[in-house]
Amino acid sequence: MIVIASENGRVGIVEAMRVLRCGGSALDAVEAGIRLVEDNAEDETVGVGGIPNLLGEVQLDASIMDGRRRTCGAVGSVRGYAHPISIARRVMEELPHVFLVGEGAERFAAEIGAERRHLLTEKTANTWRRRMLEAMTEEELEHLAEDPNLRRWVSVTMDPRLAGGTVNFIAQDAKGNIACGVSTSGWAWKYPGRLGDSPVIGAGNYADNRYGAAACTGLGEMTIRAGTARSVVLYMQMGLDVEEACIRAMKDLQELQPGGGVDIIALDHRGRPAAVSNEKVGGTYVVMSDEMDTYEERPRILVPPLIGGA
Ligand code: ASP
């Protein structure tokens, strides 16, 4: 049994392993681990305390995939609910659909009695306000919601230091089943309704018991274009080992312009992990197997973009 996660999964990985040790499934472990990250208001990239969109609203995205039969569920642009990962799981389990967004996702969340939560913290509200006022006047900010040209602010409020962050979890349980989950508040100051790769199956999340699973963080606009998580699993299906598969998928991104930071974690069906990053020197991810008392932080392999692009 093993659980791996992006570095911010530290707060949930021990609990995810506890769930596996108690006989829980890979899906249970992934959901339990991610819920703790979603609850962590210190993490400004996931769940409560996530950085809001351009209008100061926190919109959350999440997806979960079951490697047994490749069933999956995803939600996008959900407001006012603490645990999008659990809503995504219920979409997978209760609907004939895989993906709900916006009002439909919120309606479904209400129907299943999902926990409501105020997602904007005082800290993120202040950060948002300060950031907006660097780009616009008080008056423009006051009328932002009615601005017929909201798109003009997207570029000026881009902040590479705050552009993103997401949590990835992959678990393999005692039966050898693999599940993969991803949850995020998305790109800081995004245009309302923007979805990244986190809820897009194949881009930010993919799991197939036969070969393994992969999940991404970073600029979702990149991994959507390349179908990155699915590519990693497909490269494993074609015979590459997990590390090579990650490197190869990262190389597929090297020529994309405009480019951006992307990180991948992956696990093969034998329980071997790997992780890569295209820009984080010293980037890490976390790993915990059932033989370990706690998690280990391991380095990501750096696969830098081609200088100057194609
Ligand atoms: N992948 C996320 C998104 O595009 C953000 C991130 O991980 O930085 O929404």
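In listed order, ligands and their atoms are each counted from 1.
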State whether the shortest distance between N or O atoms of Leu219 and N or O atoms of ligand 1 falls below 3.5 angstrom. no
Does Lys190 come within less than 4.0 angstrom of ligand 1, counting non-hydrogen atoms of the residue? no
Does an N or O anywhere in Arg194 fall below 3.5 Å from an N or O of ligand 1? yes
Centre of Tyr81's six-membered ring, under 6.0 Å away, within 45 degrees of the axis: is that where NZ or CZ of Arg117 sits? no
With distance as the sole criterion, is a donor-acceptor pair present between the side chains of Thr223 and Asp197 under 3.5 Å? yes
Evaluate the side-chain proximity of Met132 to Trp189: yes if any heavy-atom separation is below 4.5 Å, no if none is. yes
Considering the heavy atoms of Thr217, write down every atom of ligand 1 situated less than 4.0 Å from one of them. 7 (O)
Please indicate whether Glu243 has more than 12 foreign heavy atoms, meaning atoms of other residues, nucleotides or ligands, lying under 6.0 Å from its CD. no
What I want to find out is whether Glu44 reaches Lys123 closely enough, with some N-O distance under 4.0 Å, to be called a salt bridge. yes
Are Leu60 and Tyr191 connected, step by step, through hydrophobic side chains (Ile, Leu, Val, Met, Phe, Trp, Tyr) whose heavy atoms are closer than 4.5 Å? no
Evaluating non-hydrogen atoms only, which member of Val262, Thr166, Asn168 is closest to atom 7 (O) of ligand 1? Thr166
Determine, using heavy atoms of Gly218 and all atoms of ligand 1, whether some pair is separated by less than 4.0 Å. yes
Would you mind finding which of Gly260, Gly196, Gly165, Gly204 brings a heavy atom closest to atom 6 (C) of ligand 1? Gly165
Quick one: does Cys216 get an N or O within less than 3.5 Å of an N or O on ligand 1? no
Measure the spacing between CD of Glu38 and OG of Ser185 and express it to the nearest 0.5 Å. 10.5 Å
Element-labelled atoms of ligand 1 that are located less than 4.0 Å from some non-hydrogen atom of Ser198: 1 (N), 2 (C)
